[in-house]
Each structure stands twice: as C-alpha cells, then as structure tokens.
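Throughout, numbering of the chain's residues begins at 1 and tracks the sequence.
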Amino acid sequence: MALKATIFKATLHIADMDRHYYADHHLTIARHPSETDERMMIRLLAFALNSTDTLEFTKGLSTDDEPELWQKSLTDDIELWVELGLPDEDRVRKACNRSQQVILYTYGGRAVPVWWEKHHNKLERFGNLTIVDLPAESTAALARLVERSMTFQVSMQDGEVTFSNDTDLVSITPEQKLPKV
C-alpha cells in the first residue's frame, strides 16, 4: 500500500520591505512521504521569498517535469521556476529552457560546495539562473517550527528573512554565495 502525502496548513503574513510586498497567504502544503520537515519548510521559505498573487506550489516530488513552485502568465508561459536542493545539470537546463527566470535554493551544508564544483562549468552559461544558498543552521531551525497548522509572521528586510510564530523566531540570511550565472 502506497503512503499518502501528509497535509499541512500554513498562514503567512508577509511583510517584504525589500520588494514592497505585503500580503497574507493561506496555504495548503502536501508533504510527500519521502520529504523531510526541513525540505517542506524550505519550500515555504521559497514561497515567502518569491511570493506574488500568482505563485503556486506544484506537484513537486510527485512529478519530474515540474518545479517546487512556479508562476505562470495568463498565456500559461512559465515566468518563474523555483527549484530546491542539488539537482543535476539536465534538470536545471530544462528549467532554464522552459522558464523566463529560474531560482535554485541550495541547502545541505558541506554538500553544496561539492555540488557547485561538479556543475558550475555547465550552469554558468544560463543567464536566467540565480543560485541562492541557505545556511544549514537556519534551515534546521526552521524545520523545528513544523506543526500541522502553522501561522507565521514573515518579514524581509535588507536580505534577511525572519519567520516568527507565538513562541519562536528564526532568522535566515539567504546567501548568493554562488555567483548569479
């Protein structure tokens, strides 16, 4: 018998001073059985960092030809493709060819520089790709905030993101350590 996704509810009260974007988002997140709490919360972080009225979660791990998040135009063109982790070059190439802009959020601590060393020569040619690294301590702290029903105040200013609920606060500074290629 196949395992089913676990459903989480999240409300994000976003105040993004860097982009002048202020909105509330009520989200339903399906966590794949093989997905960790950390990865699910990174999806939520990526949503907050790129939030618009048209950004949406996709089937994610359940399908190979969709990103974690995307924003589509009214003509169904992919304007933004958001990917997580340390994908192979073929997946990134496909994303860059299908979308106007691709943002890859890497995480995993020491594995990231090893991945970058292996793939940077091929990835540097994509002008619509931005790679942002998320510090391991911050993503681990974010994972500790997981509950089946979550409400967060998310504020962003000067490149720093703060997730807070009634009892905890986690600050994350996404780093564009890997050059915009």
Side-chain angles (χ1 to χ4, degrees), residues 3 5-6 8 10 12 18 27 29-52 55-72 78-146 150 152 154 156 159-163 170-181:
L3 296 174
T6 305
F8 291 80
L12 302 181
D18 294 338
L27 307 169
I29 306 163
R31 188 180 75 195
H32 191 274
S34 68
E35 185 175 34
T36 63
D37 286 345
E38 180 180 33
R39 189 174 190 289
M40 182 186 71
M41 291 302 287
I42 291 170
R43 282 197 294 146
L44 205 55
L45 171 62
F47 183 93
L49 287 168
N50 299 285
S51 57
T52 65
L55 185 68
E56 60 187 18
F57 289 104
T58 65
K59 295 177 185 170
L61 289 175
S62 301
T63 63
D64 289 336
D65 62 341
E66 291 183 1
E68 298 302 323
L69 298 159
W70 63 17
Q71 178 179 317
K72 289 184 165 186
I78 302 171
E79 296 173 331
L80 175 63
W81 179 295
V82 177
E83 193 70 42
L84 304 179
L86 305 172
D88 62 21
E89 186 267 336
D90 290 341
R91 183 161 177 83
V92 176
R93 180 176 19 86
K94 181 170 71 170
C96 288
N97 289 335
R98 292 184 58 196
S99 178
Q100 293 173 17
Q101 180 185 9
V102 176
I103 300 175
L104 169 59
Y105 291 98
T106 61
Y107 67 97
R110 296 180 299 199
V112 175
V114 174
W115 172 86
W116 179 245
E117 186 62 34
K118 180 179 178 185
H119 296 286
H120 76 89
N121 288 333
K122 294 178 181 175
L123 298 180
E124 287 176 340
R125 70 177 186 238
F126 300 115
N128 61 338
L129 173 64
T130 302
I131 301 174
V132 178
D133 188 38
L134 302 172
E137 317 80 50
S138 299
T139 59
L142 198 58
R144 290 191 289 274
L145 300 180
V146 169
M150 306 173 276
F152 294 108
V154 183
M156 293 168 259
E160 184 176 18
V161 182
T162 304
F163 266 71
V170 174
S171 291
I172 304 146
T173 305
E175 299 177 21
Q176 205 162 322
K177 284 184 176 177
L178 310 175
K180 180 172 178 170
V181 292

Should Glu117 and Val114 be marked as a side chain to side chain contact (heavy atoms under 4.5 Å, CB included) after you check the CA-CA gap, both sets of side-chain angles, and the distance that decides it? CA-CA 5 Å; Glu117 186 62 34; Val114 174; 5.9 Å; no
[atom1] of [X] to [atom2] of [Y]: how many Å apart, nearest 0.5 Å?
X	Y	atom1	atom2	value
Trp115	Leu123	CH2	CG	5.0 Å
Ser51	Met156	OG	CE	5.0 Å
Leu55	Lys72	CG	NZ	12.5 Å
Thr106	Leu84	OG1	CG	10.0 Å
Ile42	Thr36	CD1	OG1	7.0 Å
Ile29	Phe57	CD1	CZ	4.5 Å

Shortest non-hydrogen contact from [X] toward [Y]:
X	Y	result
Asp18	Gly159	OD2-N, 3.0 Å
Ser34	His32	OG-ND1, 2.8 Å
Gln101	Ser99	O-OG, 2.8 Å
Ala48	Leu12	CB-CD1, 4.3 Å
Leu104	Pro87	CD1-CD, 3.6 Å

Knowing that exactly one of Lys118, Lys94, Arg125 qualifies, which makes a salt bridge (Lys or Arg N to Asp or Glu O under 4.0 Å) with Glu89?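 Only one option passes, and that is Arg125.
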Would you say that [X] contacts [Y] through its side chain, given a criterion of any heavy-atom pair below 4.5 Å between the two side chains?
X	Y	value
Arg43	Val82	no
Gln71	Asn50	no
Val102	Phe126	no
Ser138	Thr173	no

Decide, yes or no, whether a salt bridge links Arg39 with Glu68 under the criterion of side-chain N to carboxylate O below 4.0 Å. yes
Side chain to side chain contact (heavy atoms under 4.5 Å, CB included) partners for Ala30, two or more places apart: Ala5, Ile7
Residues at least two apart in sequence or cross-chain that pass side chain to side chain contact (heavy atoms under 4.5 Å, CB included) with Asp90, listed by chain then number, are Asp88, Arg93
Does a side chain donor of either Trp70 or Glu56 reach within less than 3.5 Å of an acceptor in the other side chain? yes
Ignoring hydrogens and geometry beyond distance, is a side-chain donor-acceptor pair present between Glu79 and Gln100 at under 3.5 Å? no
Only one of Trp81, Tyr105, Phe47 forms a side-chain contact (heavy atoms from CB on, under 4.5 Å) with Leu69, so which one is it?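 Looking at Trp81, Tyr105, Phe47, the match for Leu69 under the side-chain contact (heavy atoms from CB on, under 4.5 Å) is Phe47.
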So, does Asn128 use its side chain to make a donor-acceptor pair with the main chain of Cys96 at under 3.5 Å?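 Answer holds: yes.
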Give the intermediate values and the outcome of side chain to side chain contact (heavy atoms under 4.5 Å, CB included) for residues Phe152 and Leu145. CA-CA 10 Å; Phe152 294 108; Leu145 300 180; 3.7 Å; yes
Tell me, with the steps shown, if Phe8 and Leu27 meet side chain to side chain contact (heavy atoms under 4.5 Å, CB included). CA-CA 8 Å; Phe8 291 80; Leu27 307 169; over 6 Å; no
Derivation and outcome, side chain to side chain contact (heavy atoms under 4.5 Å, CB included), residues Val92 and Glu83: CA-CA 8 Å; Val92 176; Glu83 193 70 42; 5.8 Å; no
